[in-house]
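Remember, it's 1-based here, ligands and their atoms both numbered in the order they're listed.
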Amino acid sequence: MSDLQAAAPTPSGLHYRTVPVTAFAQNCSIVWCGDTRDAAIIDPGGDLDRLLAEVQRLGVQLKAIWLTHAHIDHAGGTAELAARLNLPIIGPHPGDQFWIDGLPQQSQMFGFPPAGHFTPTRWLADGDTVQIGRCTLNVRHCPGHTPGHVVFHSPQAQRVFVGDVLFAGSIGRTDFPQGNHAQLLSSIRERLWPMGDDTVFIPGHGPESTLGEERRFNPYVRGQ
Ligand SMILES: [Zn+2]
Ligand SMILES: [Zn+2]
């Protein structure tokens with residue numbers, strides 16, 4: 001759990017709350033603009049009733065679904081949530097089309113409720129931006145764990161939502177179809193590190209950390 005709102009000195013700017021969902025304890029983040037209370041939900045993998053209860057408790061207005069990549073624990077609830085609330089689906093990068101197509105098989109394989117198929121309202125590319133209320137986040141394409149993986153970076157809030165690219169003390173798996181270890185390391189080195197050592201990242205699983213901490217101590221990427 002993480003609640004930037006409690007620590008923030010002012011209500012404007014970007015806020016978020018992370019709620020672990022599914023049997024994989026995937027960190028779904030509800031992010032919102034402090035000025036307008038418009039919210040986006042990053043990676044609604046499942047447990048939609050819990051997520052919607054949290055949205056209601058926070059008193060924010062859900063406007064969009066943002067996806068880092070199309071693995072079942074991140075994207076499994078997308079079709080149903082988009083249909084229930086008529087939300088646009090933003091992302092991931094088109095490299096993950098085959099993972100979206102494979103969601104029904106993924107749900108069967110991992111014992112998830114059947115995941116509906118969806119077509120993103122908007123695909124994302126490196127250098128794009130996404131907007132929620134008055135907050136703008138930068139999109140970086142970070143392939144390696146999946147070919148179409150993207151991350152959402154707020155330079156103002158010094159936060160980046162990295163999905164399964166980087167974890168506290170570890171990195172994403174690359175033993176899936178079209179996974180690529182060397183590419184994952186380049187993504188981390190060339191697209192995450194330049195965001196700065198003080199940037200806090202919210203990974204798809206487990207606790208938050210800073211990029212600087214991982215650059216110094218994470219055995220998988222130390223010295224990269
Ligand atoms: Zn994944
Ligand atoms: Zn994951």
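Among the atoms of H69, an N, O or S atom falls under 2.8 Å from the Zn ion (ligand 1). Within the 2.8 Å limit, H145 places at least one N, O or S atom next to the Zn ion (ligand 1).
Within H71, the N, O or S atom lying nearest to the Zn ion (ligand 1) carries the name ND1. The atom of H205 nearest to the Zn ion (ligand 2) is NE2, with the search restricted to N, O or S atoms. When the Zn ion (ligand 1) is compared with the N/O/S atoms of D164, atom OD2 turns out nearest. Note on D73: its N/O/S atom closest to the Zn ion (ligand 2) is OD2.
Using cut-offs of 30° and 60° on the angle between ring planes, the pair H93 and H141 is parallel. Taking the six-membered ring for Trp and thresholds of 30 and 60 degrees, H71 and W99 have ring planes more than 60 degrees apart, a perpendicular arrangement.
Note: H74 and H205 meet the aromatic proximity criterion, with ring centroids under 6.0 Å apart.
Put simply, CG on N180 and NE2 on H145 are 13.0 Å apart, with the number rounded to the nearest 0.5 Å. If you take CD1 on I41 and CG on L87, they are separated by 8.5 Å, rounding to the nearest 0.5 Å.
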